[in-house]
Amino acid sequence: MRDAAPPRYELFALRYATREARRRDHFIGGDPHDAPMPMDYFVWVAVSAARTFVIDCGFTQAMAAKRNRTFLRCPVASLQLLNVEPDAVEDVILTHLHYDHVGNHDAFRIARFHLQETEMQYATGRYMRYGHLSHAFEVDDVCGIVRLNYAQRVAFYDGDAELAPGITLHRAGGHSAGLQFVRVHTERGWVVIAADVAHFYENFDAKRPFSGAFHVGEMLEGFDALAAQAPSPHHVVPGHDPLVMQRYPAPSRELEGIAVRLDVMPNNAN
Ligand SMILES: [Zn+2]
């Protein structure tokens with residue numbers, strides 16, 4: 001039996017890019033209200049006295065130009081603002097292999113990458129023949145992860161796993177075949193980094209599937225899985241919602257607009 005109290009991590013979201021979009025862009029079947037609904041791009045990091053887990057690694061400035069995204073700052077360089085040195089990071093969790101989650105993997109020179117095996121099979125398998133599914137991947141990034149595997153630097157999972165006390169992985173699929181989300185133990189209990197299991201609060205709250213889908217049924221079940229792993233809806237952090245920057249406080253004045261703390265309750269919880 002394990003000790004009942006896992007370590008508490010400090011948990012941060014770093015916003016590194018954004019883009020303009022409309023409501024109809026984010027829901028299967030569109031949306032009757034024609035209004036702006038911009039999308040933010042994040043990486044996350046969990047830090048305890050003993051260990052650091054980076055969750056996803058964003059994309060580069062060159063990729064932002066290629067895909068017409070507004071690049072705010074390098075997500076890897078931003079980690080240093082939280083005193084996390086990329087060269088020293090030993091563990092990077094990849095929620096999935098879409099271009100906006102895996103682009104800077106080579107900046108983590110010694111890290112081991114934690115990935116669902118299904119995602120690797122999907123990103124290198126027969127469905128990538130179809131642009132509709134492959135457009136969210138960059139083949140060079142996928143090849144980079146293949147190379148890391150040959151270098152014994154990828155750890156594969158098949159479903160749920162405990163990476164360390166206080167850090168668990170949960171396969172959800174849906175948006176990408178091997179998409180996983182991450183649960184982190186913090187001062188306020190377990191916080192669920194949904195990543196693209198829920199792009200926006202509204203996808204999760206209203207159970208409205210996001211437009212980018214591999215398996216709609218698994219996407220809907222993913223919303224249930226988030227709810228099952230979180231102590232309350234206020235403990236679920238969506239992967240691309242600008243509201244995250246409004247609901248959580250910056251760790252310091254200098255980091256306002258750059259990073260927020262997720263290990264405290266959001267300001268809409270009262
Ligand atoms: Zn994605």
Side-chain angles (χ1 to χ4, degrees), residues 13-22 24-28 37-44 54-60 63-64 66-72 75 92-105 113-125 127-128 130-145 157 169-182 192-204 208-223 225-226 236-244:
L14 289 149
R15 174 180 182 247
Y16 70 91
T18 189
R19 76 172 167 101
E20 298 303 319
R22 311 292 294 181
R24 61 172 178 260
D25 299 329
H26 304 314
F27 303 101
I28 287 178
M37 192 168 177
M39 177 179 275
D40 279 353
Y41 295 83
F42 296 94
V43 300
W44 304 269
V54 170
I55 303 169
D56 289 345
C57 36
F59 53 68
T60 63
M63 189 55 61
K66 177 180 172 184
R67 292 192 177 243
N68 201 22
R69 306 309 191 223
T70 302
F71 197 66
L72 302 172
V92 176
I93 297 165
L94 295 175
T95 61
H96 60 310
L97 296 179
H98 282 167
Y99 80 96
D100 52 328
H101 295 260
V102 69
N104 292 295
H105 60 270
F113 291 80
H114 303 275
L115 182 67
Q116 292 286 325
E117 184 168 18
T118 316
E119 184 69 2
M120 184 64 122
Q121 292 167 343
Y122 177 57
T124 56
Y127 291 119
M128 293 303 105
Y130 302 106
H132 181 81
L133 295 172
S134 65
H135 81 277
F137 295 88
E138 284 287 331
V139 66
D140 288 340
D141 289 336
V142 175
C143 290
I145 302 302
Y157 302 88
L169 306 178
H170 306 267
R171 196 193 84 83
H175 166 69
S176 189
L179 173 66
Q180 62 184 347
F181 66 90
V182 186
V192 170
I193 301 296
D196 291 6
V197 180
H199 286 68
F200 294 90
Y201 284 106
E202 194 170 344
N203 294 115
F204 169 68
R208 292 179 65 188
F210 181 73
S211 47
F214 173 65
H215 190 307
V216 177
E218 286 198 345
M219 187 182 285
L220 291 164
E221 287 178 338
F223 299 148
L226 296 175
V236 176
V237 182
H240 287 275
D241 199 324
L243 285 173
V244 169

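Numbering starts at 1 and runs along the sequence shown. For ligands, and for the atoms within them, numbers begin at 1 and follow the listed sequence.
No side-chain donor-acceptor contact under 3.5 Å links Tyr99 and Arg67.
At the Zn ion (ligand 1), the vertex angle linking ND1 of His98 with NE2 of His175 is 90° (nearest 10 degrees).
Ring planes of Tyr16 and Phe59: perpendicular class, angle over 60° (limits at 30 and 60°).
Among the atoms of His96, an N, O or S atom falls under 2.8 Å of the Zn ion (ligand 1). At least one N, O or S atom of Asp196 sits under 2.8 Å from the Zn ion (ligand 1).
When the side chain to side chain contact (heavy atoms under 4.5 Å, CB included) test is applied to Val102, the partners found at least two apart in sequence or on another chain are Leu94, Leu97, His105, Asp141, Ile145.
Checking each of His199, His101, His26 against His175 for a ring pair (Phe, Tyr, Trp, His ring centres under 6.0 Å) leaves exactly one that passes, namely His199.
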